[in-house]
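For reference, the structure discussed in these notes is given below.
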Amino acid sequence: MEIIQEQIVSMPRIGDEAPKFKAITTQGDMSFPSDFTGEWVILFSHPADFTPVCTSEFMTFAHLENKFTKANCKLVGLSIDGLYSHIAWLRTIKEKIEFKGMKNIEVKFPLIEDITMEVAKKYGMIQPGESKTQAVRAVFFIDPKGIIRAIIYYPLSLGRNFDEIYRALIAMQTSDKFSVATPADWNPGDDVIISPAASCGIAEERMTSTEGLKCEDWFFCTKQLDKEMILSELLKN
Ligand code: BEZ
């Protein structure tokens, strides 16, 4: 009994290897994360098929899928429902549902069947204080080496913000590519943060040399990073 409880609350962390699993999905069998080596993946869970908040989220993700693909990022959904329920729900979305001007939306990314909760438990998507049977709205950002780079959790009642999900992906890719950090509310075109001075000498240099840097103080220096350059490096045509 204790072991089951431990599994339910196990939570992968930022920096961990993404837990491995094999699954059946609406797009066929999947081995995770090996099927996605070399690509970013957003693995996200939702409470149940045929529910309104989840429907609005699936339509939004499907509508934005090309944008994520251009950023070398695949989408993978999960809920604790069976394959036939998933198929019926996705067909209903396409045939009947209109949301914020989106209609006739075909969900082409895979939706994992997880009726046994095996994957949901591995990824800490079951949070018993919220629900013992439905996954919360988790979002795992997994990098091309299969490492978890960011995690966002939302409760059952709260639909996700997709601008933030995309912004976080591009910000992490920018950090990787240009060895910088990104400040509050950063978007491409805003100044980026360079790593804090790690010695007294560098701290002094930062305050005396103005070359390309804007330093508020020795530990808080920013520089410009051209938006077009970022986008041309990160996005496929
Ligand atoms: C929904 O997706 O609409 C939903 C699911 C579970 C609880 C509350 C809302």
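Each ligand, and each atom within it, is numbered from 1 in the order the structure gives.
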Whether F109 and F61 hold their rings parallel, tilted or perpendicular, with breakpoints at 30° and 60°:
perpendicular
With ring centroids as reference points, do F68 and W40 lie under 6.0 angstrom apart?
no
Same cluster or not: are F220 and M207 linked, directly or through other Ile, Leu, Val, Met, Phe, Trp or Tyr residues, by side-chain heavy atoms under 4.5 angstrom apart?
yes
Kindly indicate whether the side chain of F32, heavy atoms from C-beta on, has any atom under 4.5 Å from the side chain of L43.
yes
Could you tell me, for ligand 1, which of its N or O atoms are under 3.5 Å from any protein N or O, listing the pairs and their distances rounded to 0.1 Å?
unit_1, atom_1, unit_2, atom_2, d
ligand 1, 2 (O), T51, OG1, 3.0
ligand 1, 2 (O), V53, N, 3.2
ligand 1, 2 (O), C54, N, 2.9
ligand 1, 2 (O), R137, NH2, 3.0
ligand 1, 3 (O), P52, N, 3.2
ligand 1, 3 (O), V53, N, 2.7

Ring centre gap for F140 and F44 strictly below 6.0 Å:
no
Of the options D81, T25, T26, D49, which is the one that meets H86 in a side-chain hydrogen bond (donor to acceptor under 3.5 Å, both in side chains)?
D49
